[in-house]
Structure formats: structure tokens, C-alpha cells
2 protein chains.
Amino acid sequence: MQDVARRAGVSPMTVSNCFRYPDRVQDKTRKAVLRVAADLGYVPNMSAGLLAAGSSRVIGAVLPSMRNSSFFNYSAGLRRAAAARGHEVITMIAESPEEEFSAVQTLLGLRVAGLALVAGPHAPDLRRLLDRSGIPVAESWGAEEAIGCGVGYDVGAASRALTRHLIAQGRRRIGFVDISGGGGLRYSMRLPAFRQEMFAAHLSDALVLTVHAADGFGSGARILNEFLTREPRLDAILCPSDVVAAGAIFECTRRGLSVPGEIAVAGWGDYDIGRQLSPSLTTIAPFSDEIGLATVAALLEGTGPGLIRTRFALELRESA
Amino acid sequence: MQDVARRAGVSPMTVSNCFRYPDRVQDKTRKAVLRVAADLGYVPNMSAGLLAAGSSRVIGAVLPSMRNSSFFNYSAGLRRAAAARGHEVITMIAESPEEEFSAVQTLLGLRVAGLALVAGPHAPDLRRLLDRSGIPVAESWGAEEAIGCGVGYDVGAASRALTRHLIAQGRRRIGFVDISGGGGLRYSMRLPAFRQEMFAAHLSDALVLTVHAADGFGSGARILNEFLTREPRLDAILCPSDVVAAGAIFECTRRGLSVPGEIAVAGWGDYDIGRQLSPSLTTIAPFSDEIGLATVAALLEGTGPGLIRTRFALELRESA
DNA sequence: TGCTACGATTGTAGCGCTACAAATCACATG
DNA sequence: CATGTGATTTGTAGCGCTACAATCGTAGCA
């Protein structure tokens, strides 16, 4: 910074102002300083700035994975909302609660302006760490009991709507795929809602298959086969994601089962593949970008702990 | 840090050492300090540490998108290699050269220990900015002329291998999908290699369709239709990615064209979907995790500018 | 006991920047 | 020409931490 100041014939403070508060500096001066800075390849040391000012314009996000596209829209929403407020988003991928804890420590070490978590199983000490950090936190796809501010749609209501739709279609032997362990709350609220609707319709809710994790098309095929072994007259399945549903449909094609004629297949998440598949997938559209938007708003507008509900939609297409 | 030191009855310097050089402090002392730190929720301020020490243990990566899974393995490789060296990876998504430039500035401002870029079109000033920054840079999927150290497989060789395979199968009217703009070098080296092999086999290389961008299944369908309009006797197409190839196969199914009987369809990238599809996709497997691994090695072992070649494989499956 | 050697611990100075207040400047007015 | 006003610029101090050198403690040995 000294260098830039010297070459531009101004004080270091003016250089600093050029970057942080452009309005405070005369147009002519600023342009000159910025040109010298560009010439020298000077980029302000954010660490020093943060240390001196006590605040940064970077938001940290921890994502559980990028294996599938479900977080793409969320991440885009985060970036869009952050950019609109002059902030940046840095992302860390963490595929286990331990990795998540370590990622949070790193981000806390960076003293980010806010931290966006994704609901799921967390390390036991995570909440305490974040409570004491004093940094705004939001838990996306979170519900009650979220760390910081929970932002997400009503998963239970979505699950009920989808189940009701299948029942209304006349489906009676409906298989439900439950995910244990993997995504925590993001999944765990679906099953009780499913049971509730089945019970209300006097149907059996016994066709529940609990799998440890299901991503990828392969698990869709395995799941379908497992269900058919247990109940050959199965007439619908509720999959945990569109990718799994796609895998199930592929397997139906292979077995010569017509969808939705013989079996209705419902997905979850409104992934790209669901629209292109033939038959196209009935699914829950979560408006993930809205979650990203609302998360940043909660972080930066300082709403504090609470619960922000975003929308969802039951997307009726061909498969169910 | 003062707080922790006071409560643990040691000097601030000892607290600092506990985190940075655990070996320098006695076991007993370290445990005591770490317990107090955990109690207080203390996380060292990395900015201050970086400022004082002049080096951080964070690697910055800029990814062009997370819309599809192609970067998943790469990112996992980065993280694995970084973790093995006691480093962390933070990621920024940038969907245009301008966003990439801004992301690089942010990461440079953070004074990361190394910067992993992905080959593609860059902002004109990017190279100069990075040259002057003095921070190690690697360009993954890069080739000659890469910014910093290029790390990637031989895209031309892969394209030649795939083309030769189709020709050897007796395919004669082969369509090639070229991407303009989107991924830069990641795509642009494929077409010349394709032409070369077609020429060597005395076949027409006229069936080239240039599209601006192609991701998503939808574009696969569009592309197939466009080709069939231009050449109804088309007997093979080379798609820029497995997702596009999957879209093309869906469209073939819809039209009642048998794959690979009437048309061979080849993908690129060895995505998950290609394995599950029926027929399964012949594709180029890029060993993306190796690219990630080698990138971190180049960054941290200070190889400097150069070119690191990783492997690739021609994955022969049912579709071609 | 006195002295050395070596590991553990502790001050000191300063990393690059910004908040804040103070100083300077340009210019219009009495 | 003095004075006031508001825009622009500039010192000063200090953010939290670590490199480095200095100091302390203690065990080993003559």
C-alpha cells in the first residue's frame, strides 16, 4: 500500500479509502490511485483490513457435497444475494460432521461476516462453538432448533402434499424410502408426514425401506428391486431425490414396468434430470435459490435466531 | 488469546505455540491450554496470524460451476491432497471471466497459500495480476500456455482415441458437437483432434455442430434433432459431456432409434449417469481426482510453471 | 556445590491496514 | 481581505498474532 501511495503521490490513507470508501475520494485522485494499483498488481490484504476494521465482506458457506446438483441453485442464490449487498461467498465442502466442524473452525478463523450451514447431522460441539463466536449463523433447510436462524421450506407439508396426491390418484401400496444418517432433518421430517397421511387414508404405512444413503442412479434400481421383492403389487414409490427416482424409472424400463401405469414414481428436489426424463418426474420443487437468498438476508440483516419459511411446490408431471 | 493465556496461567506466546507448533510446548501445558480454549470457544484469528507470519494454510480454488458433477472428483482430489499436507481448501464459484477475476482478487486478498484455477476463458488481465502476486497458481485441465502450472490430461489424445474407436467400429457419418465460448481449452482441443482422425480415415469431417453452451439433458435432445435434420443417415455422435449424451440417448429412445444399433453415442467425462443409463455410455474418463491431487502438489511443492500430464481412459461401454 | 546444556517459556517488535480525529484545501460570502 | 463551510486528505494508534531472541528452570555431572 505504501508503494502505491508513494507512486500515486498520496498518503496511504487515501489509497485505503479508494478501495473501501470510493466516495470519500475525489474522482481524479481515485482513478489515478486505481491505475497505479492495477499497474503494480496491488490487491489489498484483506487479513490486515479485517484485523484493523474488525469486519469483512466475505460470507462463509459449508456445503455437504457437490456430488449432485441439489445445492447448485442454493449456492447461486447465496452468491446473488451476497453480491447485491457487496459481499462475496466462499465455500467449503464437508462430507462428514467432523469435516464440517473443521471447516467451520477455518471459516471462523477467517472471521467471516456470516456463516451459512446446511441442516444435517452436526458435530456435538458445533452449536456451542458457534454460539460463542458471535458470528451470525444460519442453517439452511433447517427447521425448529436450528443453529442460528433456520431457513427452509416446510418439509413435512411437502411430504404430506406428495403423499396425498398419490393417494388421490388411487395408489394404495405406496413404498417410502427413508434415509438414515445422511442428511438429518433434511430427510427425517418426511417419513412422519407420510405416515400421517397414510394413516388418515386408512392405508398401510408398512412399506418403508430404510437405507443408509442413497445418491446416484444405482441406488434407485436397488431400491425398486428391494420393494418389489417385499411387495410385488407395489403401485407407487416415493424416492428421496430425483436422481434416485430416475434410477428407479430406468429399472422399471428395464423390467418392462410402465410408469405411471403400473407404478407411480415420485422424486424430490426438482433436478434437471426430472424434467428431461421420459416419463418426466413428479417431484417437490424446493425453490433452493430462495433459500440462498433468504439465508444471506438473515445473516446480514441480523435477524438473529428464528425461523424463515421459504416456499415449495408440488410439481405434477408424468411419472405420478 | 490474552483471555485464554490468562485463564490457563501461561503467556500468550505459549497459547500461540499450542496451535501453531504443538511440539514446542509440553504435553501437559498444551492440553490445559487447549481445554481452556475449547471452553471459551476460542478460535485463533487466522487473519492476524497470517499478517504476522506471512503465510496461511489455506488453498483457494475457483470453479466455473457446480451445475453438474464434473468437478466433484476434482474438488475431492484437491481436498484430499490439501488435507494430507495440513492445508484446507476454500472454493469460490465463478460463472464468467469477470466473476472469476473478482474471485481471484478476493482470494489474493486473503493471501491464500496457493490458487487453483480451471482452464477456460479468462479475463485479459488475470495472468498479469497473478504473475505479480507471487502466489503459486495452477490451471487445472490446462495445457501449454497455462497460467502458472498446467495440470491435466491430453485432451487431444483422448479425442483421437474416441474418434478412432468409432471409425474402427465402422461408423462413417460421425457428428461432432463443438462448444464455443463456454469452457475454452477444455473443449477447444477436441475438434482438431477429431478432424485429424477423420481425415486420416478419409472420412468427411463436415458434420460439426457448434453450439454456444451445452449442459443439461435438454441440449442433448436439441443437438440430436439438429444433426438428424442435416444428415438423416447419421450413424454416430460425439457429445461434449455425458449429460448431453444422455439427453441424446433419451431423444433416440423417444424417436425409436436404437443405440448403438443405428446410432452410436459417445459422451465425455465419465459421469455417474453414464454408468447407469441403458445403454451405458462409452466415454472418456478423465481421472479428475488425479488432477486435483496433482494440482495441490504443484501448488505446494513449488514446481512453478510447467505442465503436468495426468491420465485418462477410453471407457468402452454399450452406447458406442 | 557450582556449572553446563538443553528444553520450555516469555517479551518485544512489527505484520498491513483502517477508525477516528485532525488538518488542509477550495471557494463563496460579508 | 478575513471568515466560514464543506469536501478532501492525512497522521496516529492499534487490531491479534507470530518470528525471533532472550530468559527461565531443571537435570546431569564433576
Side-chain angles (χ1 to χ4, degrees), chain A residues 1-34 36-37 40-58 86-88 105-113 132-135, chain B residues 1-34 36-37 40-58 86 105-113 132-135:
Chain A
M1 197 171 86
Q2 299 276 7
D3 264 15
V4 176
R6 213 172 6 251
R7 293 223 198 183
V10 296
S11 76
M13 224 17 254
T14 300
V15 177
S16 169
N17 281 330
C18 282
F19 285 96
R20 273 184 97 80
Y21 304 100
D23 303 344
R24 289 193 190 163
V25 179
Q26 220 175 356
D27 243 41
K28 204 181 51 177
T29 317
R30 189 179 58 241
K31 283 207 180 94
V33 170
L34 258 28
V36 174
L40 263 48
Y42 167 77
V43 177
N45 186 325
M46 189 185 299
S47 303
L50 167 56
L51 192 57
S55 76
S56 79
R57 299 180 89 59
V58 173
H87 286 245
E88 310 258 7
Q105 283 192 311
T106 300
L107 259 9
L108 247 32
L110 248 21
R111 298 295 190 267
V112 290
R132 306 210 169 182
S133 73
I135 287 181
Chain B
M1 198 171 83
Q2 301 276 5
D3 265 15
V4 176
R6 212 171 7 251
R7 293 222 200 183
V10 297
S11 77
M13 231 8 261
T14 299
V15 178
S16 170
N17 281 330
C18 283
F19 285 97
R20 271 185 97 80
Y21 305 101
D23 303 344
R24 286 194 190 163
V25 314
Q26 225 174 353
D27 243 42
K28 204 181 51 178
T29 318
R30 189 179 56 242
K31 284 208 179 93
V33 170
L34 257 29
V36 174
L40 262 47
Y42 168 77
V43 177
N45 185 328
M46 189 186 298
S47 303
L50 166 56
L51 192 57
S55 74
S56 81
R57 298 180 88 62
V58 173
Q105 284 192 310
T106 301
L107 259 10
L108 246 34
L110 247 22
R111 298 295 189 266
V112 291
R132 306 209 169 182
S133 73
I135 288 181

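So that the names make sense, note that chain A is the first sequence line, chain B the second, and so on, each numbered from 1. Because the structure is a prediction, the values reported are computed rather than measured.
- Note on T29(A): only backbone sugar-phosphate atoms sit closer than 4.0 angstrom, heavy atoms only; bases stay farther off.
- With sequence neighbours excluded, the residues satisfying side chain to side chain contact (heavy atoms under 4.5 Å, CB included) with L51(A) are N45(B), A48(B), L51(B).
- Non-hydrogen atoms lying under 4.0 Å from DNA chain D are contributed by M1(B), all within residues 1-10 of chain B.
- The heavy-atom pair separating R57(B) from G86(B) by the smallest distance is NE-O, 3.3 Å.
- Near DNA chain D, meaning a heavy atom under 4.0 Å away, the residues from residues 49-56 of chain A are L51(A), A52(A).
- By the side chain to side chain donor-acceptor pair (under 3.5 Å) test, S55(A) pairs with no residue at all, sequence neighbours left out.
- No side-chain heavy atom of S133(A) sits under 4.5 Å from any side-chain heavy atom of V43(B).
- In this structure, the helix from dT1(C)-dA30(D) to dG30(C)-dC1(D) shows an angle of 50° between the axis at its start and the axis at its end, each fitted on 5 base pairs and rounded to 10°.
- M1(A) pairs by the side chain to side chain contact (heavy atoms under 4.5 Å, CB included) definition with P12(A), V15(A), S16(A), Y42(A), not counting sequence neighbours.
- Reading DNA chain C from its 5' end, the first and the last nucleotide to sit under 4.0 Å from a heavy atom of chain B are dA8(C) to dG16(C).
- Using a 4.0 Å heavy-atom distance criterion, P44(B) is classed as a sugar-phosphate-only contact.
- With sequence neighbours excluded, the residues forming a side chain to side chain contact (heavy atoms under 4.5 Å, CB included) with L50(A) are S56(A), R111(A), S47(B), listed by chain and number.
- Evaluation of the side chain to side chain donor-acceptor pair (under 3.5 Å) rule for T106(B) yields E88(A) as partners, not counting sequence neighbours.
- Not counting sequence neighbours, the partners of V36(A) by the side chain to side chain contact (heavy atoms under 4.5 Å, CB included) test are V4(A), R7(A), A8(A), L40(A).
- In terms of position along DNA chain D, the nucleotide closest to Q26(A) lies nearer the 5' end than the nucleotide closest to the other residue of the pair Y42(B) and Q26(A).
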Please tabulate, for the side chains in residues 19-33 of chain B, all donor-acceptor contacts under 3.5 angstrom to protein atoms that are two or more places apart in sequence or on a different chain.
from, atom 1, to, atom 2, distance (Å)
D27(B), OD1, R30(B), NH2, 2.8
R30(B), NH1, P22(B), O, 2.7

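- Across all non-hydrogen atoms, the minimal contact from A5(A) to S11(A) is CB-C, 3.7 Å.
- Of the residues in residues 14-24 of chain A, S16(A), R20(A), Y21(A) come within less than 4.0 Å of DNA chain C through at least one heavy atom, sorted by number.
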